There are 2 protein chains.
Amino acid sequence: MAGNIKFGKRLRELREAKLKNNPKFTLRKFAESVGISPTFLSKVERGEFDPPKAEKIIKMAELLEIDSDELLSLAGKVDPELEKIIKEQPTALPDLLRTVRGMSEAELRRLTQRARDKEDG
Amino acid sequence: MAGNIKFGKRLRELREAKLKNNPKFTLRKFAESVGISPTFLSKVERGEFDPPKAEKIIKMAELLEIDSDELLSLAGKVDPELEKIIKEQPTALPDLLRTVRGMSEAELRRLTQRARDKEDG
DNA sequence: ATGACTGTTTAGTATTAAGTAAACGTTCTA
DNA sequence: TAGAACGTTTACTTAATACTAAACAGTCAT
């Protein structure tokens with residue numbers, strides 16, 4: 001119930017942009033497509049309620065045709081799929097994450113590229 | 001309430017090993033040190049209740065003088081600190097994790113070592 | 001044979017997250 | 001001037017997680 005206004009503002013912005021050329025993006029209709037009540041969406045968009053759970057946020061991102069990581073991040077949540085990935089390597093991946101903590105985004109991108117190279121080659 | 005017997009069995013094993021040369025590790029006293037009731041610990045150790053939340057598991061690992069990742073992993077949980085790390089790089093780290101998914105532990109260790117080298121050098 | 005300490009059982013409670021139904025005032029259209 | 005649709009408000013609900021207090025039965029030392 002604390003309310004995250006950044007998430008809400010961005011969501012309304014994205015939804016209203018879509019609404020301009022698609023009448024399926026009214027608050028009521030969008031809420032229905034996502035699987036939540038208009039009541040709840042209204043309050044979330046105005047920061048009166050916390051963002052919905054990750055699953056609903058991912059659904060929203062799909063409908064809005066954007067990358068779900070942006071909305072998840074604004075909501076202060078992490079894609080639950082990442083938790084699954086970590087659980088598949090429950091000692092090596094925590095170690096990796098703790099090691100890369102503090103690295104810049106560019107460094108992380110280079111490391112990711114190197115990991116990808118390994119996979120392919 | 002499902003009950004995770006592997007976590008419980010291992011916990012009891014570790015606690016009873018400690019108890020052999022330290023009377024502070026009875027079920028009641030250990031429960032108190034961790035900050036949970038003996039009722040709850042008894043049921044958790046016998047797999048009748050789900051493991052406690054991550055924070056309590058980490059406290060247990062400290063008291064037992066073991067690496068918390070083992071217990072967290074048995075409990076099917078992830079160190080909440082990792083979520084914080086991901087949120088610090090909310091696009092690069094999800095990408096990295098999705099990229100390394102499926103890599104063997106040895107490969108992950110090599111990658112971690114490379115990340116560490118970069119940091120130091 | 002009592003008191004002190006075990007772990008266990010019975011019977012629940014507390015907290016938090018994640019929402020909802022229905023009515024309301026406003027605007028737009030027919 | 002009625003009907004339909006919009007976003008909002010009021011007043012609660014539901015579901016899951018994470019536990020707890022108190023009584024109980026067994027063991028051990030005194």
Side-chain angles (χ1 to χ4, degrees), chain A residues 1-5 7-60 63 71-72 74-80 83, chain B residues 1-5 7-60 63 71-72 74-80 83:
Chain A
M1 226 199 238
N4 177 334
I5 191 54
F7 175 83
K9 278 192 87 165
R10 182 74 179 125
L11 177 59
R12 175 153 292 190
E13 195 173 289
L14 290 162
R15 183 180 60 76
E16 287 184 339
K18 279 290 202 181
L19 180 57
K20 278 179 186 162
N21 43 345
N22 189 334
K24 291 281 169 205
F25 285 86
T26 67
L27 185 147
R28 280 167 184 271
K29 288 182 189 145
F30 183 63
E32 198 190 352
S33 304
V34 171
I36 59 179
S37 66
T39 302
F40 185 44
L41 180 56
S42 174
K43 297 200 170 239
V44 167
E45 286 192 355
R46 285 170 303 108
E48 206 177 312
F49 273 8
D50 279 335
K53 56 184 178 184
E55 174 194 76
K56 308 279 188 182
I57 294 176
I58 290 167
K59 180 75 182 170
M60 286 174 171
L63 293 166
L71 281 183
L72 285 167
L74 284 172
K77 312 217 178 202
V78 156
D79 184 348
E83 207 173 290
Chain B
M1 221 197 240
N4 177 335
I5 190 56
F7 175 83
K9 280 193 85 164
R10 181 74 179 128
L11 177 59
R12 175 152 293 189
E13 196 173 289
L14 290 162
R15 182 180 61 77
E16 288 185 340
K18 280 289 202 180
L19 179 58
K20 279 178 185 160
N21 42 349
N22 188 334
K24 292 280 168 206
F25 285 85
T26 67
L27 184 145
R28 281 167 183 273
K29 287 180 188 145
F30 184 62
E32 198 189 354
S33 306
V34 171
I36 59 179
S37 68
T39 303
F40 185 44
L41 179 57
S42 174
K43 297 202 170 237
V44 167
E45 287 192 354
R46 285 170 303 105
E48 206 176 314
F49 273 7
D50 278 336
K53 57 184 178 185
E55 171 195 81
K56 309 279 186 183
I57 294 176
I58 290 168
K59 180 78 184 167
M60 286 174 171
L63 293 165
L71 281 184
L72 284 167
L74 285 171
K77 311 215 182 207
V78 156
D79 185 347
E83 209 173 288

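Chain letters run A, B, ... following the sequence lines, proteins first, then strands; residues in each count from 1. Bear in mind that the values here come from a model prediction, so they are computed numbers and not experimental data.
For the pair A:Arg12 (side chain) and A:Arg46 (backbone), a donor-acceptor distance under 3.5 Å is absent. Judged by distance alone, with hydrogens and angles left aside, the side-chain atoms of A:Lys24 form no donor-acceptor pair with the main-chain N or O of A:Lys29 at under 3.5 Å.
Applying the salt bridge (charged side-chain N to carboxylate O under 4.0 Å, His left out) test to pairs two or more places apart or on separate chains, those with a residue in residues 33-44 of chain A are A:Lys43-A:Glu48.
Heavy-atom neighbours of A:Glu32 CD from other residues, nucleotides or ligands within 6.0 Å: at or below the threshold of 12.
Per the geometry, CG belonging to B:Leu11 stands 14 Å off C1' belonging to C:dG7, to the nearest Å. Atom NZ in A:Lys56 sits roughly 9 Å away from atom C1' in C:dG19 (whole-Å rounding). The interatomic distance linking B:Leu41 (CG) with D:dC19 (P) rounds to 12 Å, in whole Å. Computed from coordinates, the A:Lys53 NZ to D:dA16 C1' distance equals 9 Å when rounded to whole Å. Atom-to-atom, CD1 of A:Ile58 to P of C:dA18 comes out at 13 Å; the value is rounded to the nearest Å. The CD-C1' distance, from B:Glu32 to D:dT20, rounds to 14 Å in whole Å.
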Exercise for the section: Give the B/S/- string for nucleotides 25-30 of chain C, one per nucleotide from 5' to 3', where a protein heavy atom under 4.0 Å of the base yields B, of only the sugar-phosphate yields S, and otherwise -. Expected result: ------
Practice task
Please lay out, stage by stage, how A:Arg10 and A:Glu13 fare under the test salt bridge (Lys or Arg N to Asp or Glu O under 4.0 Å).
Solution key: CA-CA 5 Å; A:Arg10 182 74 179 125; A:Glu13 195 173 289; 2.6 Å; yes
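Nucleic acid contact for B:Lys77: sugar-phosphate only, since backbone atoms but no base atoms lie under 4.0 Å from a heavy atom of the residue. Among the protein residues, B:Ile36 comes within range of the sugar-phosphate backbone only, with heavy atoms under 4.0 Å from sugar or phosphate atoms but none that close to a base.
Judged as a side chain to side chain donor-acceptor pair (under 3.5 Å), and not counting sequence neighbours, B:Lys77 has no contacts. Scored by the side-chain contact (heavy atoms from CB on, under 4.5 Å) test, A:Ser37 finds A:Thr39, A:Phe40 as partners (sequence neighbours excluded). The ring pair (Phe, Tyr, Trp, His ring centres under 6.0 Å) check on A:Phe7 picks up nothing, with sequence neighbours excluded.
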At a cut-off of 3.5 Å, list every protein nitrogen or oxygen paired with a nitrogen or oxygen from nucleotides 5-11 of chain D, distance to 0.1 Å.
unit_1	atom_1	unit_2	atom_2	d
D:dC6	OP1	A:Thr26	OG1	3.4
D:dC6	OP1	A:Lys29	NZ	3.4
D:dG7	OP1	A:Leu27	N	2.9
D:dG7	OP2	A:Leu27	N	2.9
D:dG7	OP2	A:Arg28	N	3.2
D:dG7	N7	A:Arg28	NE	3.0
D:dG7	N7	A:Arg28	NH2	3.1
D:dG7	O6	A:Arg28	NH2	2.4
D:dT8	OP1	A:Arg12	NH1	3.3
D:dT8	OP2	A:Arg12	NH2	2.8
D:dT8	OP2	A:Ser42	OG	2.9
D:dT9	OP2	A:Arg46	NH1	2.9
D:dT9	O4	A:Thr39	OG1	3.3

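Taking each heavy atom of A:Lys59 and A:Ser33 in turn, the nearest pair found is CE-O, 3.5 Å.
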